Amino acid sequence: MTVIRKEIRIRASRKLVWRYFSDANLLAAWMMRNDFTAAPGESFSFFAEPSGDWDGQVRCSLLEYDPPAKIAFTWDANTIGADTVVTIELEERGEETFLRLTHANFEQAAGDVDRLVERHDAGWDDHLSVLLKQAEDDAGDYPRRRIEPDWTRFDLHVAIAASP
């Protein structure tokens, strides 16, 4: 059975870390834009820019939602062609939270399983590193410093939706 397993230690309470799985805006901040609702059995999707053969959408269905300990959902993209399952468990140890992620069921995929696992393994590393930084920053374990913008250098981007 092909399974991706990840475990990280976050210097933040489990209650704070759970917010990053229960609030669609916080989930988008470390993962992808989404239309997540915390209703077991309900479908939701993640959205990103399409790349290569991926259409930019991951279709999911919430399987288990046990705040603040566990969330599990199906995960299918057009490049997979079958429901894989993502399970995330949070365990509080003192003032830290241990996060265990398991992404399984790649054997049902329509494409090259090794390539899919490799891409998802790297993707989870990227996403979890963002979650780790955001949750620890949110926990306030560091002295907050006011960052002054450098107004001597900036880029201005303007988008105008108009006919030529």
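Please read all numbers here as calculations on a predicted model, not as lab measurements. All residue numbers in this chain count up from 1 along the given sequence.
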Tell me every residue that passes side-chain hydrogen bond (donor to acceptor under 3.5 Å, both in side chains) with R100, counting only those two or more places apart in sequence or in another chain.
E91

To the closest 0.5 Å, what do you measure between CD (E7) and CG (L128)?
11.5 Å

Are F98 and V130 connected in the hydrophobic side-chain network, where two residues link if heavy atoms are under 4.5 Å apart?
no

Report yes or no: do V113 and W75 belong to one cluster of Ile/Leu/Val/Met/Phe/Trp/Tyr joined by side chain heavy-atom distances under 4.5 Å?
yes

Residues at least two apart in sequence or cross-chain that pass side-chain hydrogen bond (donor to acceptor under 3.5 Å, both in side chains) with W124, listed by chain then number, are H103

CG (L101) and CD1 (I88) are apart, to the nearest 0.5 Å, by 4.5 Å

Tell me the closest heavy-atom pair linking A110 and G81, and the distance in Å.
CB-CA, 4.4 Å

Sequence neighbours excluded, which residues qualify as side chain to side chain contact (heavy atoms under 4.5 Å, CB included) partners of E92?
S13, R14

Calculate, to the nearest 0.5 Å, the distance between atoms CZ and CG belonging to R119 and D114 respectively.
13.0 Å

Report the residues that fulfil salt bridge (charged side-chain N to carboxylate O under 4.0 Å, His left out) with D55, sequence neighbours left out, ordered by chain and then residue number.
R59

Are I80 and T84 close enough that some pair of their side-chain heavy atoms sits under 4.5 Å apart?
yes

Please write out which residues are connected to L63 in a hydrophobic cluster, directly or through intermediates, given that two of Ile, Leu, Val, Met, Phe, Trp, Tyr count as joined at side-chain heavy-atom separations below 4.5 angstrom.
V85

Enumerate, atom names and distances included, each donor-acceptor pair closer than 3.5 Å involving a side-chain atom of residues 20-31, sequence neighbours excluded.
unit_1: Y20; atom_1: OH; unit_2: Q134; atom_2: O; d: 3.3
unit_1: Y20; atom_1: OH; unit_2: D138; atom_2: OD2; d: 3.2
unit_1: S22; atom_1: OG; unit_2: W18; atom_2: O; d: 3.3
unit_1: D23; atom_1: OD1; unit_2: N25; atom_2: N; d: 2.7
unit_1: D23; atom_1: OD1; unit_2: L26; atom_2: N; d: 3.1
unit_1: W30; atom_1: NE1; unit_2: Y20; atom_2: O; d: 2.9

For the atom pair OG1 (T102) and CD1 (I4), what is the distance rounded to the nearest 0.5 Å?
10.0 Å

Distance-only donor-acceptor hits, side chain of residues 44-53, under 3.5 Å, sequence neighbours excluded:
unit_1: S45; atom_1: OG; unit_2: Q57; atom_2: NE2; d: 3.0

Can you list every pair that meets salt bridge (Lys or Arg N to Asp or Glu O under 4.0 Å) and has a residue in residues 24-36, with sequence neighbours left out?
none

Qualifying residues under salt bridge (charged side-chain N to carboxylate O under 4.0 Å, His left out), relative to E96, sequence neighbours excluded
R9

By side-chain hydrogen bond (donor to acceptor under 3.5 Å, both in side chains), K6 pairs with (sequence neighbours left out) D121, D125

A109 to L116 - nearest heavy-atom pair and separation
CB-CD1, 3.5 Å

Check against side chain to side chain contact (heavy atoms under 4.5 Å, CB included), E107 and T2:
CA-CA 7 Å; E107 292 77 15; T2 306; 3.3 Å; yes

Salt bridge (Lys or Arg N to Asp or Glu O under 4.0 Å) contacts touching residues 67-76 (sequence neighbours left out):
E64-K70

Interatomic distance, L132 atom CG to E136 atom CD [nearest 0.5 angstrom]
4.0 Å

Just wondering, do V117 and V3 contact through their side chains at under 4.5 Å, heavy atoms?
no

For S61, all residues meeting side chain to side chain contact (heavy atoms under 4.5 Å, CB included), sequence neighbours excluded
S43, T74

Just verifying a value: how many Å separate D66 CG and L90 CG, rounded to the nearest 0.5 Å?
10.0 Å

